Amino acid sequence: MACVGPDESITTPKEVISGVPNFGWRVKLSHECKVKCAPFSLPRLNQIPQYAGLSLRYFRFWLGKKRQGRQPFIDHLNQMSHKSIYGCPIGGIGCGTIGRGYRGEFCRFQIAPGIYHYKEVEADQFILTLRRSNKTVYQQVLSSHKKKGKALKAWKWGFPRDKAIYHALYPRAWTVYEIPEEHIRLTCRQISPIYPHEYQETSLPVAVFVWEIENLGKEEVEASITFTFKNGQGIKGDQAGGCWNTPFLCQYSEEADNSSTVKGNGGGAFAHGVTIHQTISGLPCTYNVAAACKPGVKVTHHTAFDPNGSGHNIWNNLCNNGCLGSSQAEETPKTSAGQEIAVAVCAGRHIAPGTCGQLDFCLAWDMPVVQFSAAENKYTRRYARWFGASGNAGPRLCAHALTWYPDWEQKIEDWQNPILENKNLPAWYKSALFNELYFVSDGGTVWLDPVEGYAKASPHALVQDYSKFAYLEGHEYRMYNTYDVHHYASFALIMLWPKLQLSLQYDFADTVIDEDPSRTRYLMSGETGVRKAANTVPHDVGDPALEKVNAYIIHPTYDWKDLNLKYVLQCYRDYSAVQDKQFLADIYPSCKAVVEKAMTWDRDGDGLIENSGFADQTFDAWVMSGASAYCAGMWLAALRMQIEMAAVLGLQEDRDRYADVLNRGKEAFNKKLWNGRYYDYDTSNSGHHDSIMADQLAGHWFLKASGLEDDSVFPPNHVTTALRTIYENNVLKFGNGNMGAINGTTPAGIKDLSSPQSEEFWTGITYALAANMIQMGMTEEGFQTAWGSYHVCWEWLGLQFQTPEAYTTNCSYRSLGYMRPLAIWAMQWALEKFNPHCLSTGDTCSDKRELSGTV
């Protein structure tokens with residue numbers, strides 16, 4: 001079954017809802033994804049022979065990991081099947097996240113670094129109780145979940161799905177419930193503290209849920225919301241025992257906040273709640289559920305109940321009294337093996353006819369110290385700088401969040417509104433731009449300081465000030481800071497949190513010179529080699545279990561042709577953005593080292609590097625041999641940037657040396673690879689040497705994005721001609737132009753079937769290609785190209801908030817929850833730098849289609 005265009009896409013009502021943004025990803029709770037899609041399974045028959053040896057060696061490797069009780073860095077034998085249920089996740093950056101489904105499920109837990117659990121936890125709910133004249137007239141779990149098991153059977157489940165709408169615009173989400181029989185409209189606003197250029201609040205492990213209850217009737221109503229939550233992550237380990245609960249009442253204060261950067265406004269919220277003390281993945285962690293005590297609001301709690309029981313105590317208490325008893329012991333006994341434990345916090349108030357009442361809740365989790373399982377090093381999460389590493393910060397985190405969330409929201413709106421209010425930008429783009437940012441927090445992300453005596457502190461002042469940052473290549477591809485992929489995603493960091501990007505760059509600079517001579521068996525060839533060679537950029541900085549670079553061992557990446565070049569491209573791009581000459585001076589020696597190493601890959605002395613004929617770049621199943629458009633083009637761009645860096649630093653000898661190589665290389669590049677319509681895939685004699693590669697202009701893209709366009713390196717007429725050729729063949733010939741850009745086609749615009757990757761659509765590559773089109777004034781084409789990826793993933797296949805690396809025309813996908821789609825921020829970079837008229841009013845520069853999932 002082939003994916004299709006917008007005429008068959010999901011349609012949603014385009015209604016304006018008071019208090020909800022006009023743009024974002026919106027569905028009714030009755031929405032069902034009807035398309036059947038599945039993970040990529042087997043390559044084509046003619047492609048199988050080249051992977052036979054890899055398959056056998058990988059299976060042996062996989063068995064070895066299982067015997068050790070560890071996960072492989074990629075588990076091909078247990079690929080994730082998608083669930084089309086996800087909505088906006090909660091939590092700050094680098095502190096763990098909890099996913100929520102659009103129907104209200106707490107469902108994707110990533111509390112310990114890089115470890116995901118995908119269970120829907122029934123006990124984690126909100127319950128609405130309405131009373132008139134001291135009598136309960138309505139009580140309902142605010143979830144459309146249909147109850148099947150015996151647990152919590154006393155609760156009323158199954159809120160009518162056609163009576164609620166979900167709307168996501170990361171880092172916030174809204175659910176609007178209509179209860180016409182009681183003349184009530186209920187809106188839940190979910191808020192995480194994420195906004196640009198903020199390095200404290202953005203690190204907090206919290207989320208706030210603001211409930212607005214509109215009384216549309218003619219009688220006063222007493223309304224309460226109860227928030228229930230249980231220990232663990234919905235897995236068998238939740239029953240290990242040893243959990244206990246304590247209630248708390250905590251008022252926000254600046255002194256208790258230990259904060260030098262955030263100042264209060266003469267008072268703060270009282271947080272009334274309960275703490276669950278537990279261990280997750282061997283690490284102490286608390287969950288903290290609280291409501292804000294405000295004038296007119298009554299907060300009560302139930303310290304503990306059995307989430308596997310009938311739930312009648314909670315339900316009957318609410319039904320009889322509209323609140324909970326708050327009469328249990330200050331601290332519960334520890335649970336025994338086989339037991340789980342849950343808490344409930346209720347906030348209620350009276351709401352006069354024709355008015356709206358508000359109830360505020362917070363969920364905070366506190367796991368301040370983390371340790372990677374196969375390493376001795378310990379770290380504290382960044383938020384511990386202000387809230388301590390003792391593990392008792394949950395109540396203060398709740399009080400802080402309930403005090404400061406209005407400030408967060410104002411800063412989120414100040415950031416987003418100029419884009420949302422711009423009539424020249426497509427509606428789908430506004431949704432994609434912000435919602436794809438979910439991965440910055442939900443990408444297994446860690447933001448860490450070393451624990452004294454364990455992990456080594458960085459010598460760089462910036463890293464000391466802003467901590468170490470790392471995120472996974474993907475939920476399934478468990479490697480931190482995979483550099484060839486981060487290259488595309490990095491625009492999100494340099495635009496929004498530039499200090500994190502610079503910190504990441506310093507970490508890589510420290511690894512470049514180093515060599516790790518330990519021997520590793522590489523799975524593709526079966527040969528052994530060093531883990532890390534000197535003067536090379538590592539593929540990654542390790543996986544969640546092994547704190548050692550190059551966890552990826554399918555191919556030896558010390559010989560990859562793009563990693564060194566991408567490092568130089570990013571370093572100069574970052575300098576162009578922040579104009580920090582000290583940063584440039586600090587990283588220049590590592591840039592020079594990798595450029596000198598790359599020169600050894602020029603086998604014929606023509607100024608161009610050559611690919612090896614083996615997998616040696618990010619398309620690790622699509623072989624390049626000889627000079628290639630992708631790698632040789634990036635080589636020229638890297639040389640041009642190295643020349644500029646040397647000039648800024650006054651290094652004339654280096655500048656002259658690299659200029660001589662560039663002059664020879666650009667002549668050879670255009671002579672060997674330009675065919676009049678586009679740049680050939682490579683100079684080999686393979687059957688796909690003349691394929692039209694969607695990412696053939698990757699070098700030009702970064703060069704121009706960094707303000708260093710050089711007409712003699714990439715002649716503008718060549719660039720625009722190649723981009724139009726890609727658009728006509730890789731974009732328009734698939735799904736009526738509504739699928740994005742396929743990686744490779746033949747000169748006739750037919751799928752290149754030489755590799756599994758050549759016939760894939762890579763979401764991040766599509767966004768990067770669109771950014772290059774926008775840079776070159778092809779704005780219409782850029783938006784049409786990018787729309788295809790958003791349409792397929794978010795509208796058609798139900799892959800929202802788990803955007804994959806790749807998908808195909810037969811609706812298979814590969815690697816859910818992937819880093820590279822953050823490249824959509826390269827489009828915003830291109831708009832701001834090269835098409836500012838698109839960001840002003842009154843000038844049309846794009847299509848105006850307001851397609852499904854948008855308003």
Side-chain angles (χ1 to χ4, degrees), residues 66-71 78 96 98-99 101 105-113 115-127 141 143 145-157 226-248 273-289 301-318 324-345 363-367 369-371 373 391-392 394:
K66 290 300 178 182
R67 291 189 185 107
Q68 297 170 6
R70 291 171 54 187
Q71 284 184 273
N78 289 290
I98 299 175
E105 311 95 324
F106 288 85
C107 50
R108 186 167 71 204
F109 288 77
Q110 188 262 138
I111 302 297
I115 300 174
Y116 291 84
H117 298 287
Y118 297 89
K119 301 294 184 180
E120 299 167 44
V121 181
E122 286 187 333
D124 298 349
Q125 299 292 345
F126 290 97
I127 300 170
V141 178
S143 167
H145 176 71
K146 302 294 186 180
K147 194 78 186 86
K148 295 181 180 179
K150 294 182 179 180
L152 306 177
K153 64 180 181 180
W155 297 8
K156 184 182 178 183
W157 298 84
T226 302
F227 189 7
T228 63
F229 214 81
K230 84 168 195 69
N231 72 293
Q233 304 169 94
I235 60 175
K236 187 176 181 180
D238 298 352
Q239 299 180 359
C243 300
W244 76 100
N245 298 348
T246 53
F248 63 82
V274 184
T275 297
I276 303 174
H277 304 266
Q278 62 193 327
T279 298
I280 291 179
S281 297
L283 300 167
C285 176
T286 65
Y287 287 159
N288 305 267
V289 178
H301 71 268
H302 207 77
T303 309
F305 71 93
D306 181 3
N308 298 308
S310 68
H312 70 274
N313 286 342
I314 295 288
W315 195 259
N316 292 343
N317 226 340
L318 293 172
L324 299 171
S326 299
S327 60
Q328 291 170 281
E330 284 298 300
E331 182 172 294
T332 67
K334 290 185 178 181
T335 58
S336 301
Q339 290 183 316
E340 297 179 341
I341 194 168
V343 305
V345 176
L363 175 64
W365 50 99
D366 184 22
M367 182 190 279
V369 179
V370 298
Q371 182 175 14
S373 58
N392 63 358

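Computed from a prediction, not measured in an experiment: that's the story for all the values here.
- Contact check for I280 versus W365: no side-chain heavy atoms found under the 4.5 Å cut-off.
- When atom types are taken as modelled, the side chain of Q278 and the backbone of G232 share a donor-acceptor pair closer than 3.5 angstrom.
- The heavy-atom pair separating D366 from G394 by the smallest distance is OD2-N, 3.9 Å.
- Residues that satisfy the side chain to side chain donor-acceptor pair (under 3.5 Å) test with N317, not counting sequence neighbours, are N321.
- At distances below 3.5 Å, not a single donor-acceptor pair connects side-chain atoms of N245 with backbone N or O atoms of T332.
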What do the steps show when you test E122 against H145 for side-chain hydrogen bond (donor to acceptor under 3.5 Å, both in side chains), and what is the final call? CA-CA 8 Å; E122 286 187 333; H145 176 71; 2.6 Å; yes
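- At least one side-chain heavy atom of L324 sits under 4.5 Å from a side-chain heavy atom of I314.
- With sequence neighbours left out, T246 forms a side chain to side chain donor-acceptor pair (under 3.5 Å) with H277.
- Contact of the W155 side chain with the K147 side chain is not registered, since no non-hydrogen atoms from C-beta on lie closer than 4.5 Å.
- In plain terms, the two heavy atoms of L152 and D306 that are nearest each other are CD2-O, 4.3 Å.
- The environment of NZ in K119 is sparse: at most 12 heavy-atom neighbours from other residues, nucleotides or ligands sit within 6.0 Å.
- Using a 4.5 Å cut-off on side-chain heavy atoms (C-beta onward), T226 and W315 make no contact.
- Heavy-atom contacts from other residues, nucleotides or ligands closer than 6.0 Å to NZ of K66 number more than 12.
- With a 4.5 Å cut-off on side-chain heavy atoms, F248 and N392 do not count as touching.
- Across M367 and I111, no two heavy atoms sit closer than the pair CE-CG2, 3.7 Å.
- A parallel orientation is assigned to the rings of Y118 and Y116, their planes being inclined by less than 30° (bins at 30° and 60°).
- Here C285 contributes atom SG and Q233 contributes atom CD; the two are 8.0 Å apart, rounded to the nearest 0.5 Å.
- Here the closest heavy-atom approach between residue H302 and residue V274 is recorded as O-CG2, 4.3 Å.
- Contact check for P247 versus E330: side-chain heavy atoms found under the 4.5 Å cut-off.
- Not one N or O on the side chain of D124 forms a donor-acceptor pair closer than 3.5 Å with the backbone of E105.
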With a 3.5 Å cut-off and sequence neighbours excluded, list the donor-acceptor pairs that the side chains of residues 333-343 form with protein atoms.
from : atom 1 : to   : atom 2 : distance (Å)
T335 : OG1    : G242 : N      : 3.2
T335 : OG1    : C243 : N      : 3.0
Q339 : OE1    : S336 : N      : 2.6
E340 : OE1    : N308 : ND2    : 3.2

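- Summarising the geometry, atom CD1 belonging to I276 is positioned 6.0 Å from atom CG belonging to N231; distances are rounded to the nearest 0.5 Å.
- With rounding to the nearest 0.5 Å, the separation of OG1 in T303 from CH2 in W244 is 15.0 Å.
- Between A154 and G311, the closest heavy-atom pair is CB-C, 4.1 Å.
- With a 4.5 Å cut-off on side-chain heavy atoms, L363 and I98 count as touching.
- The nearest pair of heavy atoms linking A123 to P307 is CB-CB, 3.7 Å.
- Note: F126 and F106 have tilted aromatic rings, judged against thresholds of 30 and 60 degrees for the angle between ring planes.
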